[in-house]
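Remarks on the structure that follows.
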Amino acid sequence: MSERSLIIKVTAGKDDPERCNQAFTVAATAVASGVPVSLWLTGESAWFGLPGRAEDFSLPHAAPLADLLAGVLAAGSVTVCTQCAARRNIAPDDLISGIRIAGAATFVAEIMAEGAQDSPHSANPPYSPAHAEHRTLRSHWPPCE
């Protein structure tokens with residue numbers, strides 16, 4: 001049996017701090033538990049790939065985003081979406097060391113890899129049983145609404 005990994009796609013940033021922080025918290029917790037994690041920063045969360053941006057984020061009763069990001073970077077991978085970076089004029093040299101820019105083809109390869117896993121609470125469309133383990137956790141997990 002192959003090792004299971006967790007792919008988390010964050011779609012919210014400072015515009016929706018609770019959803020954003022939940023995704024970073026799950027990613028950092030998974031990394032701390034020894035789970036291979038790939039954290040994707042898309043939409044407004046792409047800004048957190050830049051130095052100092054995570055330090056500027058705060059949410060009451062939540063771990064500092066900069067600490068959560070550092071934890072993921074220490075043992076996992078962090079990727080900024082190509083199109084999201086382009087729309088914000090973010091270049092690879094602008095990013096925190098260790099963060100990359102990659103696009104949809106890389107994301108699809110990661111989520112389709114053997115052992116890729118999401119949360120059962122993900123709002124992704126249902127897949128066939130053969131693909132049930134190839135979904136991705138999005139920043140709206142867990143559902144709070």
Side-chain angles (χ1 to χ4, degrees), residues 1-88 90 92 94-127 130-145:
M1 176 180 278
S2 67
E3 184 176 50
R4 294 172 75 156
S5 62
L6 182 63
I7 296 93
I8 301 173
K9 184 176 185 181
V10 189
T11 59
K14 289 177 90 172
D15 57 322
D16 193 343
E18 285 189 287
R19 282 193 321 140
C20 176
N21 189 268
Q22 288 172 352
F24 277 83
T25 299
V26 170
T29 301
V31 164
S33 300
V35 176
V37 171
S38 175
L39 179 65
W40 281 74
L41 307 179
T42 67
E44 286 300 296
S45 71
W47 292 116
F48 297 124
L50 299 174
R53 293 296 182 108
E55 289 81 1
D56 190 38
F57 177 95
S58 68
L59 180 66
H61 310 290
L65 199 69
D67 293 350
L68 298 172
L69 179 58
V72 175
L73 274 171
S77 68
V78 179
T79 305
V80 173
C81 157
T82 302
Q83 291 181 16
C84 301
R87 281 190 283 275
R88 290 160 180 81
I90 297 172
D94 298 332
L95 297 172
I96 295 167
S97 179
I99 297 179
R100 67 180 177 166
I101 294 176
T106 303
F107 181 76
V108 169
E110 285 189 17
I111 65 171
M112 295 306 294
E114 183 68 31
Q117 182 63 41
D118 76 339
S119 162
H121 302 290
S122 178
N124 290 326
Y127 289 82
H131 295 102
E133 301 213 3
H134 302 292
R135 289 174 281 184
T136 183
L137 176 65
R138 300 207 178 141
S139 63
H140 48 268
W141 182 92
C144 293
E145 287 92 40

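Rounding to the nearest 0.5 Å places CG of L65 at 9.0 Å from CG of L59. Rounding to the nearest 0.5 Å gives a distance of 10.5 Å between CG of L6 and OG of S33. For the atom pair CZ (R53) and CD1 (I90), the distance works out to 7.0 Å, reported to the nearest 0.5 Å. Here R88 contributes atom CZ and Q83 contributes atom CD; the two are 10.5 Å apart, rounded to the nearest 0.5 Å. Atom CD1 of I7 is separated from atom OG1 of T79 by 10.5 Å, given to the nearest 0.5 angstrom. Taken from CD1 in I99 to CG in L69, the straight-line distance is 5.0 Å, to the nearest 0.5 Å.
A heavy-atom distance below 4.5 Å is found between the side chains of D56 and K14. At least one side-chain heavy atom of W40 sits under 4.5 Å from a side-chain heavy atom of T106. Side-chain contact between V31 and L39 is absent, with no heavy-atom pair separated by less than 4.5 Å. The closest side-chain heavy-atom distance from V26 to V37 is not below 4.5 Å.
A pairwise comparison of heavy atoms in A12 and S45 identifies O-CB, 3.2 Å as the closest pair. Across G43 and C84, no two heavy atoms sit closer than the pair N-SG, 3.1 Å. Nearest approach of P36 to R4, heavy atoms of both residues: CD-O, 3.3 Å. For the residue pair P92 and I101, the shortest heavy atom distance occurs at N-CD1, 3.7 Å. Nearest approach of G103 to T82, heavy atoms of both residues: N-OG1, 3.0 Å. When all heavy atoms are compared, the tightest approach of T42 to K9 is CG2-CE, 3.6 Å.
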Verdict with supporting geometry, V78 and F48, side chain to side chain contact (heavy atoms under 4.5 Å, CB included): CA-CA 10 Å; V78 179; F48 297 124; over 6 Å; no
Audit row: T11, R19, side chain to side chain contact (heavy atoms under 4.5 Å, CB included) steps and yes/no: CA-CA 8 Å; T11 59; R19 282 193 321 140; 3.8 Å; yes
CA sep, side-chain torsions, deciding dist, call: V10, F24, side chain to side chain contact (heavy atoms under 4.5 Å, CB included): CA-CA 8 Å; V10 189; F24 277 83; 4.2 Å; yes
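Atom CD of E55 is surrounded by more than 12 heavy atoms from other residues, nucleotides or ligands within 6.0 Å.
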